[in-house]
Novice: 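Quick one: this structure, given as structure tokens, is what I'll be asking you about.
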Amino acid sequence: MKVDGKAMRSIWLEPDGWSIGVINQTALPHRLVTARLTTLDEAAHAIRAMLIRGAPLIGATAAYGMCLALRADASDEALDRAYAILLATRPTAINLRWALDETLAAVRNRPRSERAAAAYRRAGEICEQDVAINTAIGRNGLPLIEAIAQRKKPGERVNVLTHCNAGWLAAVDVGTATAPIYLAHDNGIAVHVFADETRPRNQGASLTAWELGQHGVPHTVIADNTGGHLMQHGLVDIVIVGTDRVAANGDVCNKIGTYLKALAARDNSIPFYVALPSPTIDFTVANGVADIPIEERDADEVATMTGRAVDGRIETVRIVPEHSPVANYAFDVTPARLVTGLITERGIIAASRTALAGAFPDRAGTAQ
Ligand code: MRU
């Protein structure tokens with residue numbers, strides 16, 4: 001997508017042909033800062049500290065983390081160690097394990113001298129595949145927005161509500177939930193996005209708003225608790241969110257607060273769609289609500305807020321009493337029954353075991 005009019009991705013191979021460039025998302029929206037990853041530890045840190053985040057991008061970064069590890073040491077022990085270190089960085093987004101398994105499979109049976117090159121090839125393919133998948137999600141989701149636009153009176157816009165950041169910053173490019181939105185906008189449909197701020201890390205306020213603004217998509221940032229009110233007053237036509245893991249039964253894990261939006265959408269008969277790239281499906285988890293591991297992060301993310309002060313300095317301030325305990329659950333699971341449909345690269349399907357296995361038999365069949 002475009003940044004200041006120039007095409008940019010969230011991750012790239014540097015001109016040296018081996019080190020990895022990423023956007024340091026912790027500096028957005030105030031500064032566009034890039035980081036260069038040169039070692040396994042730097043890649044693991046970038047994922048853990050959320051310099052990069054979003055399920056597809058976590059996967060792509062992990063794949064390149066394996067490349068960096070193999071460049072330094074291509075032994076079986078080093079390979080297993082890199083896999084374990086990267087897998088432990090974040091527990092919820094399943095694209096991480098998927099990308100690590102893909103990279104491992106590409107190198108495991110090769111001589112050591114060929115392993116790093118094979119890993120770089122597979123990591124590059126994972127990135128291109130992500131872009132192709134998201135482009136297809138955009139094409140498949142577009143008719144939903146077009147149908148709403150056709151019902152609008154002249155001058156009215158299609159209002160989409162989204163939560164967290166499932167845009168191109170969360171993927172390699174295009175984004176998942178944003179893919180149909182960008183396509184609709186590019187096709188001349190008057191689309192407007194309500195971006196939930198998404199406490200505690202504010203991915204909606206900082207990242208979704210930034211990238212929509214860069215692409216010229218009209219949007220409004222709202223406090224997390226606003227969606228239900230907007231829905232009651234007819235101000236939301238459709239909800240489209242991304243996901244970090246979808247269980248075999250269609251339960252959808254996404255950023256904390258997504259479940260509440262799905263409840264409000266159901267109460268107001270507003271369609272609630274989830275953009276789902278197939279690497280985000282976890283056929284090994286039968287029941288998402290019961291069994292998807294939910295990451296619990298540092299209390300400071302809730303107890304403090306970071307932003308730009310009037311003098312331009314970036315400051316972090318505490319907003320919770322010094323001794324109050326804080327809980328920081330990073331994700332929740334929306335039961336399949338609240339999901340109107342899953343927008344996948346193979347079309348829009350029901351959030352159900354039958355539909356998922358029917359659309360992705362290749363993935364369902366290999367799940368252990
Ligand atoms: O903690 P994050 O920022 O990595 O979580 C990302 C999300 O939950 C996003 O909403 C997203 O939909 C999943 S990535 C497309």
Side-chain angles (χ1 to χ4, degrees), residues 1 10-11 22-26 28-29 46-62 89-96 98-99 130-131 133-134 137-138 141 160-182 193 195-212 224 227 239-246 252-262 272-282 288 292-298 301-302 328-334 339 342-345:
M1 303 299 293
S10 63
I11 188 165
V22 293
I23 296 176
N24 178 351
Q25 300 188 21
T26 63
L28 289 172
I47 300 172
R48 210 179 298 114
M50 293 179 70
L51 270 67
I52 67 90
R53 27 68 50 206
L57 181 56
I58 290 171
T61 308
T89 49
R90 294 198 66 192
T92 302
I94 197 60
N95 305 55
L96 172 61
W98 173 83
D130 176 77
V131 180
I133 286 175
N134 297 342
I137 286 175
V160 183
L161 184 139
T162 193
H163 191 69
C164 195
N165 174 260
W168 69 265
L169 289 168
V172 175
D173 205 351
V174 183
T176 60
T178 52
I181 297 169
Y182 284 131
V193 178
D196 284 349
E197 62 175 346
T198 320
R199 280 283 289 149
R201 288 189 67 103
N202 297 319
Q203 290 96 327
S206 303
L207 306 178
T208 304
W210 181 80
E211 62 162 89
L212 291 173
D224 282 333
V239 180
I240 309 178
V241 297
T243 173
D244 296 85
R245 192 185 305 209
V246 169
V252 170
C253 182
N254 193 47
K255 182 53 56 188
I256 192 79
T258 304
Y259 173 40
L260 292 176
K261 294 295 135 56
F272 181 94
Y273 282 93
V274 177
L276 168 64
S278 59
T280 309
I281 306 169
D282 187 354
I292 292 177
I294 300 297
E295 178 178 15
E296 288 183 55
R297 294 184 59 86
D298 199 293
E301 291 182 352
V302 175
N328 185 9
Y329 296 94
F331 300 93
D332 61 24
V333 180
T334 299
V339 177
L342 303 171
I343 311 171
T344 78
E345 70 264 31

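All values reported here derive from a predicted model rather than from experimental measurement. Every number for a ligand or one of its atoms is a count from 1 in the order of the listing.
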Novice: Under 3.5 Å between some N or O of ligand 1 and some N or O of G54?
Specialist: yes

Novice: Nearest to atom 8 (O) of ligand 1, what protein heavy atom do you find, and at what distance?
Specialist: D244 OD1, 2.7 Å

Novice: Please determine, by modelled atom types, if N24 and T26 share a side-chain donor-acceptor pair under 3.5 angstrom.
Specialist: yes

Novice: Taking non-hydrogen atoms only, is A275 closer than 4.0 angstrom to ligand 1 via side chain, backbone, both or neither?
Specialist: neither

Novice: Using only heavy-atom distances, determine whether the side chains of E345 and S278 contain a donor-acceptor pair under 3.5 Å.
Specialist: yes

Novice: Applying a heavy-atom cut-off of 4.0 Å, say which part of N165 lies close to ligand 1: side chain, backbone, both or neither.
Specialist: backbone

Novice: Any sub-3.5 Å donor-acceptor pair from T198's side-chain atoms to D196's backbone N or O?
Specialist: yes

Novice: Number the atoms of ligand 1 from 1 as they appear, then name those within less than 4.0 Å of a heavy atom of T176, with their elements.
Specialist: 15 (C)

Novice: Does the pair E197/R199 count as a salt bridge with the N-to-O cut at 4.0 Å?
Specialist: no

Novice: Considering R245, Q25, K255, which one's heavy-atom position lies nearest to atom 1 (O) of ligand 1?
Specialist: K255

Novice: Which residue and non-hydrogen atom of the protein lie closest to atom 12 (O) of ligand 1, and at what distance in Å?
Specialist: N254 OD1, 2.9 Å

Novice: Heavy-atom contacts with P56 under 4.0 Å: which atoms of ligand 1 show up? List them by number with element.
Specialist: 14 (S), 15 (C)

Novice: May I ask you to list the atoms of ligand 1 that are less than 4.0 angstrom from any heavy atom of Q203?
Specialist: 1 (O), 2 (P), 3 (O)

Novice: Would you check if there is a donor-acceptor pair between the side chains of E296 and N328 at a distance under 3.5 Å?
Specialist: no

Novice: Answer yes if the side chains of T243 and N254 hold a donor-acceptor pair under 3.5 Å, and no otherwise.
Specialist: no

Novice: Between ligand 1 and V241, can you find any atom pair, the residue atom being a heavy atom, that is separated by under 4.0 Å?
Specialist: no

Novice: Ignoring hydrogens and angles, tell me if any N or O in the side chain of D282 forms a donor-acceptor pair with the backbone of I94 under 3.5 Å.
Specialist: no

Novice: With a 4.0 Å cut-off on heavy atoms, does E295 reach ligand 1?
Specialist: no

Novice: Is the closest side-chain donor-acceptor distance between N165 and Q25 under 3.5 Å?
Specialist: no

Novice: A166 heavy atoms, cut-off 4.0 Å: which ligand 1 atoms fall inside?
Specialist: 11 (C), 12 (O), 15 (C)

Novice: So if I count the atoms of ligand 1 from 1 in the order they appear, which ones are less than 4.0 Å from some heavy atom of C164?
Specialist: 6 (C), 7 (C), 8 (O), 9 (C), 10 (O)

Novice: Measure T280 to ligand 1 on non-hydrogen atoms and call it side chain, backbone, both or neither using the 4.0 Å cut-off.
Specialist: neither

Novice: Using heavy atoms and a 4.0 Å limit, tell me yes or no: is A330 in contact with ligand 1?
Specialist: no

Novice: May I ask you to list the atoms of ligand 1 that are less than 4.0 angstrom from any heavy atom of A55?
Specialist: 14 (S)

Novice: Quick one: does V22's side chain get under 4.5 Å of S10's, heavy atoms only?
Specialist: no

Novice: Looking at F331, does the NZ or CZ of K255 lie under 6.0 angstrom from its six-membered ring centre and within 45 degrees of the ring axis?
Specialist: yes

Novice: Can you confirm whether T208 sits close enough to Q203 that some side-chain heavy atom of one is under 4.5 Å from a side-chain heavy atom of the other?
Specialist: no

Novice: Give the atom numbers and elements of ligand 1 that come within less than 4.0 Å of a heavy atom of G242.
Specialist: 12 (O)

Novice: My understanding is that we take every heavy atom of each candidate and find the minimum distance to atom 2 (P) of ligand 1. Doing that for R297, R90, H163, which one comes out nearest?
Specialist: R90

